[in-house]
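Working notes, structure below.
For reference, positions follow the sequence shown, starting with 1.
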Amino acid sequence: MRWSNVFRGLLIGICDLIPGVSGGTVALVLGIYDELLASISGILSKHWRRHIRFLLPLGIGIGGALLFFSRAIAYLLEHHFAPTQMFFMGLIVGVLPMLLRRSDARRTFQAPHFVILTIAATAVAAMKFINPEAAVEPITELTTARAIGLFLAGAAGATAMLLPG
C-alpha cells in the first residue's frame, strides 16, 4: 500500500468540499487520475486486491478530509465569503491551462466544442441570477419517486466528483 495516498486523498477530499472544484481535477493534477479510474473499474476483477491497496489509503484520506475540514470550509464561507470564493475560483480557473494542454485542445477542438463550452459557461454565469429565496422546501416526507430522484442525484454527484474540470 502506498500510504502517501492518504495525503493525496486529503487533498481530493478537501476539494470535494469546495463548491465547483472536482476531486477528479485534483487527482489529475496529482497524476493519479488514470490509476484511480482503473482501480474503481477493476474493483470487481480478479486483481481486486491490487486495486484495494490503491483505493484504501485514498479513501481514508478523503474520509478524513470530509470529517475534519467540512467545518473549516463552512466557517470560511460564512465569515470570509469573498476571499474564499476567489480562492475557489482560482483553483478552478488555475487548472484550465493544464486541462487544455492534456486534451490537446489546439489540435482536437473544433467549432462544436467551442459552442458547447460557450453554452456551458453562459449557463453557469446565469446561475448568479437564480433567486435563493425561491428555493424549494426541504424534503420532509420520503416517497418512492423522491427516493429514486435522490438516488439519481447522488449518482450524478458522485460521477461529477470523478470528472476533472
Side-chain angles (χ1 to χ4, degrees), residues 5 8-30 32-45 48 51-52 54-82 84-96 99 102-103 112-165:
N5 280 348
R8 290 182 179 109
L10 276 171
L11 293 175
I12 291 170
I14 289 170
C15 287
D16 280 337
L17 287 170
I18 298 170
V21 181
S22 165
T25 303
V26 177
L28 188 68
V29 169
L30 294 173
I32 61 169
Y33 184 73
D34 294 330
E35 189 175 1
L36 174 64
L37 290 183
S39 291
I40 291 170
S41 64
I43 199 78
L44 297 175
S45 72
W48 63 272
H51 299 299
I52 289 290
F54 175 78
L55 292 172
L56 183 63
L58 204 60
I60 290 170
I62 291 171
L66 295 177
L67 288 173
F68 298 119
F69 292 102
S70 57
R71 288 189 185 202
I73 298 293
Y75 171 82
L76 289 171
L77 285 171
E78 184 177 335
H79 296 289
H80 306 285
F81 184 77
T84 304
Q85 289 293 89
M86 290 299 110
F87 176 71
F88 296 165
M89 185 77 68
L91 287 174
I92 296 166
V93 173
V95 79
L96 289 177
L99 290 174
R102 184 167 171 134
S103 67
H113 296 109
F114 291 106
V115 170
I116 291 170
L117 283 172
T118 302
I119 291 170
T122 304
V124 169
M127 287 183 198
K128 170 67 176 145
F129 302 104
I130 293 175
N131 185 2
E133 285 80 33
V136 179
E137 291 293 319
I139 295 174
T140 57
E141 185 178 317
L142 188 63
T143 64
T144 303
R146 284 186 181 155
I148 291 170
L150 289 171
F151 175 80
L152 294 174
T159 302
M161 289 182 185
L162 288 175
L163 297 173

Residue set satisfying side-chain hydrogen bond (donor to acceptor under 3.5 Å, both in side chains) with Thr84, at least two apart, ordered chain then number -> none
Donor-acceptor pair, distance only, cut-off 3.5 Å: does the side chain of Ser41 make one with the backbone of Ala38? yes
List the steps, then state whether side-chain contact (heavy atoms from CB on, under 4.5 Å) holds for Ile32 with Ile12. CA-CA 11 Å; Ile32 61 169; Ile12 291 170; 4.1 Å; yes
Tell me if a side-chain donor or acceptor on Asp16 pairs with a main-chain N or O of Gly23 at a distance below 3.5 Å. yes
With rounding to the nearest 0.5 angstrom, report the CG to CG distance, Leu142 to Leu150. 6.5 Å
Would you indicate whether Phe114, at its atom CZ, is surrounded by more than 12 heavy atoms from other residues, nucleotides or ligands within a distance under 6.0 Å? yes
Spacing of Leu30 atom CG and Cys15 atom SG [to the nearest 0.5 Å]: 8.5 Å
Among residues at least two apart in sequence or on other chains, which ones pass side-chain contact (heavy atoms from CB on, under 4.5 Å) with Leu10? Ala65, Phe69
State which residues pass side-chain contact (heavy atoms from CB on, under 4.5 Å) with Ser70; sequence neighbours excluded, sorted by chain then number. Leu17
Under the rule for side-chain contact (heavy atoms from CB on, under 4.5 Å), what residues qualify as partners of Leu44, not counting sequence neighbours? none
Using 0.5 Å steps for rounding, measure from the CG atom of Leu56 to the CD1 atom of Ile60. 4.0 Å
In chain order, what residues pass the side-chain contact (heavy atoms from CB on, under 4.5 Å) check against Phe81, with sequence neighbours excluded? Leu77, Gln85
Closest non-hydrogen atoms of Gly42 and His51, given as atom of the first, atom of the second and distance, are O-CD2, 3.0 Å
Residues at least two apart in sequence or cross-chain that pass side-chain hydrogen bond (donor to acceptor under 3.5 Å, both in side chains) with Glu35, listed by chain then number, are Arg2
Partners of Tyr75 by ring-ring contact (aromatic ring centres under 6.0 Å, His included), sequence neighbours excluded? His79, His80
Roughly how far apart are Leu58 CG and Phe54 CZ, rounded to 0.5 Å? 5.0 Å
How many angstroms lie between CD1 in Ile73 and CD1 in Ile14, if you round to the nearest 0.5 Å? 7.0 Å
What pairs with Arg146 under side-chain hydrogen bond (donor to acceptor under 3.5 Å, both in side chains), at least two apart in sequence or on another chain? none
Is there a side-chain contact (heavy atoms from CB on, under 4.5 Å) between Leu36 and Leu55 once you walk through the steps? CA-CA 8 Å; Leu36 174 64; Leu55 292 172; 3.8 Å; yes
